[in-house]
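Everything below concerns the one structure shown next.
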Protein chains: 2
Amino acid sequence: MDIGKAMGISATTVSRALHDHPDISLSTKISVKEMAIAMDYHPNLLARSFANSQSQTVGVIIPNLEATFFSSMLGGVQKVASQNGYKVLMCQSNEEYLNEVENVHLLMDSRVDGLLICHSIETTNFDHVNIYRKRGIPIINFYRVNKDSETISVVAKNTEGAELVIEHLLNQGCKKIGIILGPRSLLITEERLKGYLNIHKKHLIEIEQSMIAYTDYTYNSIIEIVDRWLDMKERPDAIFCISDRTAIYVIRHLRKKNIQIPAEIAVAGFGNDLMGELIEPGLTTYDVQTSKIGETSMQMFLDQVKNEFGQITKVHTIEGHLVVRESSLKQK
Amino acid sequence: MDIGKAMGISATTVSRALHDHPDISLSTKISVKEMAIAMDYHPNLLARSFANSQSQTVGVIIPNLEATFFSSMLGGVQKVASQNGYKVLMCQSNEEYLNEVENVHLLMDSRVDGLLICHSIETTNFDHVNIYRKRGIPIINFYRVNKDSETISVVAKNTEGAELVIEHLLNQGCKKIGIILGPRSLLITEERLKGYLNIHKKHLIEIEQSMIAYTDYTYNSIIEIVDRWLDMKERPDAIFCISDRTAIYVIRHLRKKNIQIPAEIAVAGFGNDLMGELIEPGLTTYDVQTSKIGETSMQMFLDQVKNEFGQITKVHTIEGHLVVRESSLKQK
DNA sequence: TTGTAGGCGTTATCAG
DNA sequence: CTGATAACGCCTACAA
């Protein structure tokens, strides 16, 4: 350490003085710190990380940065990370399993202290993440989640959220609600369908299988379903979508076909993306609090690091709320 | 290196074998690689970075991740980074100068190989970045840019873009165009105003100072200007905004006041945020190609690293294009 | 073709 | 209270 040389003292002492180690006398602390400033000393964080095998860095993997949806989760993570002296190394999976796997290894090889991941749509095998979890590296799952009960996860209130939306649609007088889901493998698909079914049961409404549709989130797969429903003798009078983006595709398609929203068909989404506020008509949706999901995920990581081996809640559910806009307001 | 021990050979040989060093015999290379796989060997990237003082990491600082605007630039950076074996360490300045300064130091102390930065609105002093540039660390500026000519920058065609928009508004029959800018200190403010002025001069239209307004991007400062214009005897018949977000604020405000867009007042933005496509009426804007700005920035970093001390173009301008939607279409 | 030695900057351990 | 020494894992000279 140059600053030690300049002062004729050992690097050890300098290091300790800078860290306010109790052993060091006040006078040396002061003079060392002055010298540090004078020499514009900046510790080499790489060397420090290497020495303590602690990088003060978390890795974050999200599907993409194209929409506000995941980026605001990343924003939440980064915000809390920075408040707590952590850096953020980020990757995008582009919704591809193989990218995700590669990213996980890259981050682990880079010795991140923990991994915060929102899995890709394709991901159904979680070995790539479980190996590291078993080695004791904190892994936090957010939004789209590993069903494995060992993994700490931060999720939206999927079932309750869907229940709120469906209940609302029924209140608006809808009699036949179509639901557009993601792939069957996703937990969010499963949980939101559950909410849909719960409310139907509660009101003793018979469920029509034709009203339950799975997609891979692509535009075509979504439109295909809508068209199929439009061709039916008894069309649905409401469509509940797995995401706001999906809902926006649906709204545009319906408008193109000159179908009145919500008069003929009400539409609701899930997530509360910024977009939903801007589109015409405004989109009714469930606000999952994306930014808060990110913040909480990072907080969970911090808690786990502090707790070390203490008892830890595995699943953290983020409270959201129904956002009613014109796309579902049949009664004004 | 454990794998050396396991095979009874030196770590050096192992390292070289894994790196396909020409000195090593094919047979040892093969056996070492087999052993590496068998033992699931992963190099410690932290140690490697430390040893060669090369982290294979770039730091990126953006104002925030709330809107798609900056996040898609970050997405572009990360995409190209990952294609070239670089990692991305990211920070948000939240549009605050002090945060930005702190982030720069953090990233530099973390020994990133380069810094890609989009300055905060507040930033007018660039010393925090120039120190490191002078030390030879590649610094790339994107979108909002350091006026210092030494810095490599990747920017939108601000002046030309503004020219296209203004020309278009005039074509639509607008006679009096208000322009809402950002803070005076920003280069984008200056350059887009220049485009505005250029086209006015070209058509020999006198410029009214009252039609040129500066804001700090806040909702209130924007609405205040619009209200001032609305109170005038001769209102503008078009408003050109420094950003799409600004334009959306304007559109909403005008709609609240029951002013017809574009019939009474046409509105145009700049940037081509996703939002502009969703709002009603669709927003006319100039597409700056956010993602490409990010990609190019990373590419410029890579070029600089390869070129080492070769001659380098300082300013890279990304071609964009006019996006005409209903908010400005007076003639149908 | 392979091995040995040293260093990267920081911190922890142990000794004084 | 302070200092010497070793260690973190990898890589590059230099030596054999």
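Here the structure is a predicted model, which is why all the values come from computation and not from measurement. In what follows, every chain begins at residue 1, and chains take the letters A, B, ... in the order their sequences are listed.
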Examine the base of C/dA12 for any acceptor or donor lying under 3.5 Å from a partner atom in the side chain of A/Ser15, and report the outcome as yes or no.
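In this structure, the two groups form no donor-acceptor pair.
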Presence of donor-acceptor pair under 3.5 Å, side chain of B/Arg111 and base of C/dG9
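No pair found.
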Is the phosphate of [N] approached by [X] (side-chain N or O, under 4.0 Å from OP1 or OP2)?
| X | N | value |
| --- | --- | --- |
| A/Tyr41 | C/dG9 | no |
| B/Arg16 | C/dT2 | no |
| A/Thr28 | D/dT2 | yes |

For the pair made of [atom1] in [X] and [atom2] in [N], what is the distance, rounded to whole Å?
| X | N | atom1 | atom2 | result |
| --- | --- | --- | --- | --- |
| A/Ile9 | D/dA4 | CD1 | C1' | 14 Å |
| B/His42 | D/dG9 | NE2 | C1' | 16 Å |
| A/Asp109 | D/dC10 | CG | C1' | 14 Å |
| B/His19 | D/dG9 | NE2 | C1' | 11 Å |
| B/Met108 | C/dG9 | CE | P | 18 Å |
| A/Leu18 | C/dT11 | CG | P | 8 Å |
| B/Leu45 | D/dC8 | CG | P | 18 Å |
| A/Leu46 | C/dC8 | CG | C1' | 10 Å |

Could you check which of [options] has an atom nearest any side-chain atom of [X]?
| X | options | result |
| --- | --- | --- |
| A/Ala47 | C/dT13, D/dC11, C/dT10 | C/dT10 |
| A/Asp23 | D/dT12, D/dT2, D/dG3 | D/dT2 |
| A/Thr13 | C/dG3, C/dT11, D/dG3 | D/dG3 |
| B/Ser25 | C/dT2, D/dG3, D/dC11 | C/dT2 |
| B/Ser10 | D/dC10, C/dT4, C/dT10 | C/dT4 |
| A/Asn44 | D/dT12, C/dT10, D/dA4 | C/dT10 |
| B/Arg48 | C/dC8, D/dT2, D/dC10 | D/dC10 |
| B/Pro43 | C/dT4, D/dT5, D/dC10 | D/dC10 |
| A/Ala51 | C/dT11, D/dT2, D/dC10 | C/dT11 |

Charged N-O contact under 4.0 Å between A/Asp20 and A/Lys33
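Salt bridge: yes.
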Please determine if B/Arg144 and B/Glu95 form a salt bridge, counting it only when a charged side-chain N lies under 4.0 Å from a carboxylate O.
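Yes, B/Arg144 and B/Glu95 are salt-bridged.
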Kindly check if the number of other-residue, nucleotide or ligand heavy atoms within 6.0 Å of CD (A/Glu96) is above 12?
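Count over threshold, so yes.
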Would you confirm whether the ring centroid of B/His128 sits within less than 6.0 angstrom of the ring centroid of B/His105?
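No: the rings miss the under 6.0 Å criterion.
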Close aromatic pair by centroid cut-off 6.0 Å: B/Phe126 and B/His119:
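Yes, ring centres under 6.0 Å apart.
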Distance-only, no hydrogens or angles: does the B/Thr189 side chain make a donor-acceptor pair with backbone N or O of B/Pro183 under 3.5 Å?
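Answer holds: yes.
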Should A/Phe50 be counted as stacked on C/dT10, where stacking needs a ring-centre gap under 5.5 Å and an angle between planes under 30 degrees?
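Stacking between A/Phe50 and C/dT10: absent.
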